[in-house]
Amino acid sequence: DLYHEFNATLQFDYYNSMLINTVDEDGNFVDLGGEFPLEGNEHFNNMLVNTQQSNIQVPTNVYNKDPYILNAIYNSEALNDVFISNFQKDPTLTWQYFGSSTGFFRIYPGIKWTPDSNGVAAFDCRNRNWYIQAATSPKDIIIMVDISGSMKGLKMTIAKHTINTILDTLGENDFVNVIAYTDYVRYVEPCFRGTLVQADLDNREVRPLSASRRLKELRRCLSTNGQGSMCNQAIMLITDGAMEDFESVFEEFNWPERRVRVFTYLIGREMTFAQNTKWIACNNKGYYTHISTLADVQENVMEYLHVLSRPMVINHDHDIIWTEAYMDTVAQSLLLMTSVAMPVFSKKKETLSHGILLGVVGSDVPLMEVMKLAPRYMLGAHGYAFLINNNGYILAHPDLRPLVSSAPSLHEPNLA
Ligand SMILES: *[C@@H]1O[C@H](CO)[C@@H](O)[C@H](O)[C@H]1NC(C)=O
């Protein structure tokens with residue numbers, strides 16, 4: 001990335017994991033396909049893999065020859081040698097991968113990606129826990145959705161899809177509430193009236209915070225290290241724009257520090273209120289997007305992650321994240337895994353000050369491998385080892401009985 005100038009007309013062939021080894025009626029390999037040798041490998045749960053080459057998955061809703069995708073894939077080719085050499089140096093390594101902020105996912109060893117039952121590859125690396133946790137610091141998010149009279153039909157459908165897409169970007173370190181408003185305010189989840197709830201692995205099963213956890217979060221948000229809070233606070237405002245006299249509210253409650261960023265999502269085709277909605281975002285360190293169709297939702301929602309990833313450039317303390325322990329469902333074993341990941345920022349001089357996020361690199365690690373570093377015989381008769389990650393989650397403990405088996409479906413590799 002550092003030495004590459006963006007080339008809008010770049011032609012570049014890559015191995016697309018959905019298209020490899022696929023031929024057309026005439027027996028020719030399809031575009032972005034090509035011959036890609038695969039063989040069963042015991043170390044990778046007997047899956048068919050290619051240990052000489054990583055390959056690329058692009059979600060079906062992202063154009064696989066978009067110039068931004070092509071340039072970023074071209075740049076990330078250099079990772080191939082790094083992945084191979086890592087695996088040679090440490091044969092206990094499992095999957096190594098790079099999730100790009102443009103949406104593609106480079107995985108080593110290379111695999112054939114099986115589409116889901118609808119024939120699509122819905123997997124978007126930017127929605128995964130490891131990506132979001134590495135790309136942003138913990139977030140407190142309030143989603144405010146306009147349910148006034150004009151938000152009917154398609155607009156409401158788009159608004160709901162936007163909410164769900166935002167929820168999908170939240171991990172277990174984030175806190176969220178959804179508020180619907182017309183002329184009065186209504187909490188969508190009335191049990192949690194007025195409080196933020198933890199955006200757990202399963203977003204649909206929001207649970208209220210325990211007092212101790214809340215305290216811990218508060219303390220973390222308030223520990224400033226002289227560089228401001230590490231916690232991001234944001235309001236996501238979803239509306240078709242009809243509002244007035246809002247300037248003074250921000251002036252009174254959010255200025256001059258502007259601690260709470262406001263992201264605005266203008267729904268529908270009308271642009272009458274674009275100025276208002278843009279003003280709110282731009283004057284509260286947020287980002288304005290216009291969403292006129294369902295197809296616009298995913299990419300537009302992703303934009304906010306770029307803005308929220310920026311504080312991390314200043315403070316690299318939280319660069320490496322270990323996700324919560326999860327079951328390796330591909331192996332159908334009781335093997336507990338963690339994903340270790342860190343964000344990748346552009347080093348281009350002109351972008352250093354804004355911190356442009358290129359993506360997230362990561363690897364899946366069986367916790368057993370880590371626990372081997374503390375063998376029983378070194379711990380003494382009553383000693384035992386446990387693992388705790390930087391968010392205070394216990395990853396491994398002799399008494400740990402995992403309750404959640406976060407189940408990535410079988411067609412996906414075992415990535416949390
Ligand atoms: C951009 O890519 C095209 C096609 O790959 C190539 O012919 C052209 O020379 C490239 N332009 C620059 C400025 O490198």
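Numbering of ligands and ligand atoms starts at 1, following listing order.
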Quiz prompt | Pair F12 + Y74: ring centers closer than 6.0 Å | solution = yes

Practice problem: Give a yes or no on whether atom 11 (N) of ligand 1 lies under 4.0 Å from any heavy atom of the protein. | Solution: yes

Quiz prompt | Identity and separation of the nearest protein heavy atom to atom 5 (O) of ligand 1 | solution = Q11 N, 3.0 Å

Quiz item: Is the distance between the ring centroids of F87 and F44 less than 6.0 Å?
Solution: yes

Exercise. With sequence neighbours excluded, tell me which residues meet side-chain hydrogen bond (donor to acceptor under 3.5 Å, both in side chains) with K160.
Key: none

Practice problem: Considering only non-hydrogen protein atoms, determine which one is nearest to atom 14 (O) of ligand 1 and report residue, atom name and distance to 0.1 Å. | Solution: N7 ND2, 3.6 Å

Exercise. With R106 as reference, evaluate Q57, Q96, E77 under the side chain to side chain donor-acceptor pair (under 3.5 Å) test and give the passing residue.
Key: E77

